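From a predicted model like this one, the values you see are computed outputs, not experimental measurements.
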Protein chains: 2
Amino acid sequence: MIRLSKKADYSLMALKHILAKENEPSSAREIAQTYGIPFEVLAKLLQKLTRKGYLISQHGTKGGYSPAPASQTITVRDVLEAIEGPLALLDCSNPRKGTCDQEKYCSVRRPLARVEQKVLELLGRTTLREI
Amino acid sequence: MIRLSKKADYSLMALKHILAKENEPSSAREIAQTYGIPFEVLAKLLQKLTRKGYLISQHGTKGGYSPAPASQTITVRDVLEAIEGPLALLDCSNPRKGTCDQEKYCSVRRPLARVEQKVLELLGRTTLREI
DNA sequence: ACAATATCCGATGAAATAGGTCGGATATCT
DNA sequence: AGATATCCGACCTATTTCATCGGATATTGT
C-alpha cells in the first residue's frame, strides 16, 4: 500500500490551523477538540514539528503553538519527513532498514527508484500555504 | 509512511521475470528461488494477478505462468491495485475504510486529494515494460 | 496407470507498525 | 499559589502485513 498515516493527516490539519491564525498561538488542546484528534497524540506531533523548527511553542496560560519563519515555505514532504523520518517508497532505499536480501538479484530497484524520486518531488513541490 | 509493500516488490519482480521470457512459462518455484522470495507468498500473488487477467496459468509439469495479452500495457498502478486493492493515499478516500471521523472539520482533504490524484497518475503512466 | 510437478484455496500464526494511553516534569500567566 | 500550557519517555494495544501449513485439483511424462 501507499498511504499517508493518520499522524500525517493530523499534522497537516493542525499546521494549517496554526498557520491560519498567525497572531495568537493555538493550544494543542484547542486544536484536538476542534478536529476530533486524541490530545496526547497531537501534542507529540506538534512537539516534533517544533523541534524541527517549523513551530514556536509557548508555555503557560495563553500559550500554544505559533508558526516559525521556516513554516512559510514548508511542504507536505517536509511534514512527512518530520513526523515519520526519511521517506522511502521502497524498503531497499530506506536508510532505517538494513540491506535488502534481494539486492543482488533485484531487477526492479533502479527503475522504481526513479518513480520514487518523482513522487518525492511532487510532495516537495506542494507547500502547505497552497493547501 | 508512504511505501511499497514487500508483496508489491515481489509482484513487480516476478512480473518482470515472466514478461522477459514470453516463450516458456515460468513456475512460481523457479521465480521464488531465483529472487529469494518465500514460495507460498509468491504463489498467491501470482494467483491474484492471474485472476485479474494479467497472467495465464498452466498446470502440470512444464507448467507455470506466462504473460496474458493484458500484461503488455500493465502499469505499476495496475499491479498495486491487483495486489492490495484500491489505492488510497488518504484513509478518507479509501473505499475500504468507513467514513472519516474528521470529515466535517477536515480542512486538508480536498487539496490532498489533488496530490493523491497526481501520484496515482504518475504510477499509472509507468508501465512494466519500461521498467 | 502412476508419479512428479504445477497451480489453486482457505485458514492460521507470527512479526512489525501504528495509534493511543499514562505518569510526571517544567514553564508561564493571572 | 494555582491554573493552564508545553514537554518527555515509557508502555500498552489494535491493526496490518508477512509468512506458514494442509490439502485439493489439474497436467505432463514415463
Side-chain angles (χ1 to χ4, degrees), chain A residues 1-11 14 18 24-33 35-52 54-66 68 80 83-88 91 94 96-98 100-102, chain B residues 1-11 14 18 24-33 35-52 54-66 68 80 83-85 87-88 90-91 94 96-98 100-102:
Chain A
M1 256 300 260
I2 168 175
R3 57 182 256 272
L4 264 63
S5 65
K6 268 189 188 169
K7 290 186 181 181
D9 283 346
Y10 294 163
S11 305
I18 295 169
E24 44 173 352
S26 319
S27 78
R29 180 158 274 113
E30 164 204 345
I31 299 176
Q33 283 176 351
Y35 299 99
I37 302 172
F39 166 70
E40 293 90 349
V41 174
L42 178 62
K44 275 198 212 128
L45 295 173
L46 294 177
Q47 286 159 27
K48 275 190 185 175
L49 292 171
T50 303
R51 279 196 291 272
K52 293 285 178 179
Y54 299 121
L55 293 176
I56 294 171
S57 69
Q58 181 70 25
H59 284 219
T61 323
K62 295 268 183 186
Y65 295 89
S66 20
L80 295 183
I83 297 302
E84 330 204 28
L87 298 183
D91 281 348
N94 188 338
R96 290 184 302 177
K97 305 258 177 158
C100 170
D101 293 348
Q102 282 87 20
Chain B
M1 254 300 262
I2 168 177
R3 57 181 256 272
L4 265 63
S5 65
K6 269 189 188 171
K7 290 186 180 179
D9 283 347
Y10 294 163
S11 304
I18 295 170
E24 44 171 353
S26 319
S27 78
R29 193 171 304 277
E30 164 204 344
I31 300 177
Q33 283 177 349
Y35 298 99
I37 302 173
F39 166 70
E40 294 89 349
V41 174
L42 178 62
K44 282 207 200 104
L45 295 173
L46 294 177
Q47 287 159 26
K48 275 190 183 174
L49 291 172
T50 302
R51 280 195 292 271
K52 293 285 176 179
Y54 298 122
L55 292 176
I56 294 170
S57 69
Q58 181 70 25
H59 284 219
T61 323
K62 294 268 183 187
Y65 295 89
S66 21
L80 295 183
I83 297 301
E84 331 203 28
L87 298 184
L90 288 54
D91 281 348
N94 188 339
R96 291 184 302 176
K97 305 259 178 157
C100 171
D101 295 345
Q102 283 87 22

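- With distances taken from any side-chain atom of A:R51 to the nucleotides D:dC8, C:dT7, C:dC9, the minimum falls on D:dC8.
- Rounded to an integer number of Å, the gap from B:Y65 OH to D:dA26 P is 15 Å.
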Worked verdict on A:D9 versus A:I37 for side-chain contact (heavy atoms from CB on, under 4.5 Å):
CA-CA 10 Å; A:D9 283 346; A:I37 302 172; over 6 Å; no

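- For C:dC8, one of the phosphate oxygens OP1 or OP2 lies less than 4.0 angstrom from a side-chain nitrogen or oxygen of B:S57.
- Closest approach to the B:P38 side chain among C:dT7, D:dA19, D:dT6 is made by D:dA19 (side chain taken as heavy atoms from C-beta onward).
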Shorter than 3.5 Å, N or O on both sides, protein versus nucleotides 28-30 of chain D: list them out with atom names.
{"residue": "D:dT28", "atom": "O2", "partner": "B:T61", "partner atom": "OG1", "Å": "3.3"}

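- What separates CZ of A:F39 from C1' of D:dA5 is a distance of 8 Å, to the nearest Å.
- Contact annotation: B:Y10 does not reach the phosphate of D:dT17 (side-chain N/O to OP1 or OP2, under 4.0 Å).
- Put simply, CZ on A:R51 and CG on A:L46 are 11.0 Å apart, with the number rounded to the nearest 0.5 Å.
- Comparing D:dA5, D:dC18, C:dA6 by their closest approach to the side chain of B:R29 singles out C:dA6.
- Counting to the nearest Å, the C1' atom of D:dT17 and the CG atom of B:L80 are 15 Å from each other.
- Interatomic distance, A:L45 CG to A:I31 CD1, rounded to the nearest 0.5 Å: 11.0 Å.
- Considering OG of A:S66 and CG of A:L55, their distance stands at 8.0 Å, rounded to 0.5 Å.
- Residues from residues 41-49 of chain B placing a heavy atom under 4.0 Å of any atom in DNA chain C, listed by number, are B:K44, B:Q47.
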